[in-house]
Amino acid sequence: MLDPQLFKKDIELLADRLRDRGFALDVERYLDLEQRRRALQTETERLRNERNTRSKKIGEAKARGEDIKPLIDAVGDLGARLTNLEDELGIVKSGLDEIYYETPNLTHGTVPVGADETDNREIRRWGRAPEFSFQPRDHVDVGEVVDGMSFDLAAKLSGSRFVVIHGALARLHRALIQFMLDLHTTRHGYEEFYVPYLVNRDSLTGTGQLPKFAEDQFATATDDLFLIPTAEVPLTNTIRDSIIDSADLPIKLVAHTPCFRREAGSYGKDTRGMIRQHQFEKVELVQVVDPRQSYDALEELTDNAETVLRELELPYRVVSLCTGDIGFSAAKTYDLEVWMPGQQNYREISSCSNFESFQARRMNSRWRNTVTGGKEFVHTLNGSGLAVGRTLVAVMENYQQADGSIRVPQVLRSYMGGLEVISHA
RNA sequence: GGAGAGGUGGCUGAGUGGUCGAAAGCGGCGGUCUUGAAAACCGUUGACUCGAAAGGGUCCGGGGGUUCGAAUCCCUCCCUCUCCGCCA
């Protein structure tokens, strides 16, 4: 949520800035609602004041033992008028809330302006694409050769966009998780968290998935709970409705969780393999910081995620998402894209964002500024460190050998009982 | 799932229809005393919101209701605790 003052002070300027990211702010509707809100609120508060004053007088008169009947009669239909006004005000306010909660964040000045992903800016590249003396397979074929991955079996159990992994490949998948968690907790200063995978409406609203993106969430039928689309939701919401001591900043959290996404509207996209699944594992990094440090924190967090790829010796590039491609809640986002030999292309494997105070305002998460003494909104950040399923895919494709076997990356061997090559799951 | 007890300010906790945004204690802040500190004593101390200010409004788990008036009464949901049942 943006600062409502931005709407009040100069709505046209705001609308103009939001246009960069392809969002059409309904200025007319806002102005109409805000004008009515003002009038209704003033009148409602005036009537409440009158009711409060009269009621207090009745109480005083009763205490003195006077006849209060005439005073009660004099109140008349004040209560009914007030109820009507309050109802009307409530409707206008929920209209305004809709605007506030469904308006995306403003982007940072360094974010490239553009319409779609073709306007994203490449920041840097690391590593060199491996050269093969044979035609490299994609991960589906590699998985078939080592017999460790089944989409048919998953379809029988659940449907499309699921996978069953077994044997040594399943262990490799688990090794990636352990490796990532150990790296971030021992070298990057994050505290490991175990969190619920089902969260309530308030949590999803806090981080920005609701109300606008309800169709992307898996919801339970009888309880108002949702499967988390990312550990960002439970991790970031740990600071909801709280005031943080400045000495406790920055807060750096990491968790491994499954992530559940309906992938509504991506029916024709990435249907082959395990690139886009309804369920996947992710190790997520979250930082809560002093607003003055949030852009330094974004660089640090991005580097934390990159370190995973460098340690795994997977070639990648860093891309700054443009205004037309950046997510709803983010002020600035770096995507990490890993080289996929099977597709001869870079594919997103991590997304690192600074949300500035957008989530903090929704969550009412503040810190006590020791200099000014005031309570101010914190800045929140998060990033995948990394998406485990896609990392498995990247390892399978980059480490494949002519016979279809997979070399185990050096840093993972201790997690694999010393295994160096997976030739059959 | 069944039975019961609760949810009040940073914390503990009083308050069962009216001058209650709320006693008291603890904690915090300021002061007196002290070389300094502790103790003691005195004072002070909730949040949000509208307003230039004066001042107004809202908030006693969430939502709804009764009433001129609700922390207090009623309904409903959520959460915590105790006992029983079930269970990884």
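Each chain gets a letter, A, B and so on, in the order its sequence line appears, and its residues count up from 1.
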Sticking with atom C1', work out how far C74(B) lies from U67(B), rounded to a whole angstrom.
12 Å
Less than 4.0 angstrom from a charged side-chain N to a carboxylate O is my criterion; do K252(A) and E300(A) meet it?
yes
Spacing of the C1' atoms in C50(B) and C11(B) (rounded, Å):
31 Å
Applying a 3.5 Å limit to both distances, which nucleotide forms a Watson-Crick or G-U wobble pair with A38(B)?
none
For N52(A), report the nucleic acid contact type (base, sugar-phosphate, nothing); a contact means any heavy atom under 4.0 Å.
sugar-phosphate
I243(A) CD1 to G9(B) C1', straight-line distance once rounded to whole Å
12 Å
Scanning all shown strands, the Watson-Crick or wobble mate of C83(B) with both distances under 3.5 Å is G2(B)
Do the charged groups of D303(A) and R310(A) touch, with an N to O distance under 4.0 Å?
yes
Min side-chain heavy-atom separation R29(A)-E98(A) under 4.5 Å
yes
R51(A) has its side chain closest, among U19(B), G56(B), C68(B), to C68(B)
Would you classify R366(A) as touching base, sugar-phosphate or nothing, given that sugar-phosphate means primed atoms plus P, OP1 and OP2, and contacts are heavy atoms under 4.0 Å?
sugar-phosphate
By nearest heavy atom, map T53(A) and I58(A) onto RNA chain B; which one lands nearer the 5' end?
T53(A)
Span that lies between the P atom of U45(B) and that of A52(B), in whole angstrom
26 Å
In whole angstroms, how far is the C1' atom of A47(B) from the CG atom of D241(A)?
12 Å
Using a 4.0 Å heavy-atom cut-off across all strands, classify K57(A) as base, sugar-phosphate, or nothing.
nothing
When rounded to whole Å, the CZ to P distance for the pair F377(A) and A47(B) reads 15 Å
Could you tell me which nucleotide pairs with U44(B) by Watson-Crick or G-U wobble geometry, both distances under 3.5 Å, or answer none if nothing does?
G28(B)
Is there a side-chain contact between L96(A) and Y30(A), using heavy atoms and a 4.5 Å cut-off?
yes
Between G10(B) and C29(B), how many Å separate the two C1' atoms, rounded to a whole number?
13 Å
Whom does G9(B) pair with, Watson-Crick or G-U wobble, provided both distances fall under 3.5 Å?
none
For V75(A) and R38(A), find the nucleotide of RNA chain B closest to each by heavy atoms; which residue's nucleotide sits nearer the 5' end?
R38(A)
Heavy-atom closest contact (L71(A) atom, K57(A) atom, distance):
CD1-O, 4.4 Å
In whole Å, I'd like the distance from the CZ atom of R48(A) to the P atom of A70(B).
11 Å
Check the distance between G10(B)'s P and I244(A)'s CD1 and give it to me in whole angstrom.
16 Å
Nearest-angstrom distance, C1' atom, U12(B) to G27(B)
10 Å
Could you tell me how far apart N200(A) (CG) and C77(B) (C1') are, to the nearest whole angstrom?
14 Å
Residue S55(A), side-chain atoms from C-beta onward, closest of G69(B), U19(B), G57(B)
G69(B)
Between C1' of G64(B) and CG of D87(A), the distance in whole Å:
12 Å
Closest to the E45(A) side chain: G56(B), C48(B), U58(B)?
G56(B)
Residue-phosphate contact under 4.0 Å: N49(A) side-chain N/O, G56(B) OP1/OP2:
no
When rounded to the nearest Å, what value does the distance between P atoms of G2(B) and U8(B) take?
25 Å
Between L25(A) and F7(A), is a side-chain contact (heavy atoms from CB on, under 4.5 Å) present by the stated rule, with each step listed?
CA-CA 10 Å; L25(A) 182 63; F7(A) 291 77; 4.0 Å; yes
L235(A) vs N382(A), test: side-chain contact (heavy atoms from CB on, under 4.5 Å). Steps then yes/no.
CA-CA 9 Å; L235(A) 283 180; N382(A) 70 54; over 6 Å; no
When the P atoms of C41(B) and G46(B) are considered, how many whole Å apart are they?
22 Å
Of the candidate nucleotides G18(B), C68(B), G57(B), which contains the atom at the shortest distance from the side chain of I72(A)?
C68(B)
Measure from CZ on R368(A) to C1' on C29(B) and round the result to the nearest Å.
12 Å
Considering only atom C1', compute the distance from G51(B) to G63(B) and round it to an integer number of Å.
31 Å
Mind checking if R54(A) touches a base, just sugar-phosphate, or nothing, with heavy atoms under 4.0 Å?
nothing
Taking the minimum atom-to-atom distance to the side chain of K375(A), which one of G18(B), A47(B), U19(B) wins?
A47(B)
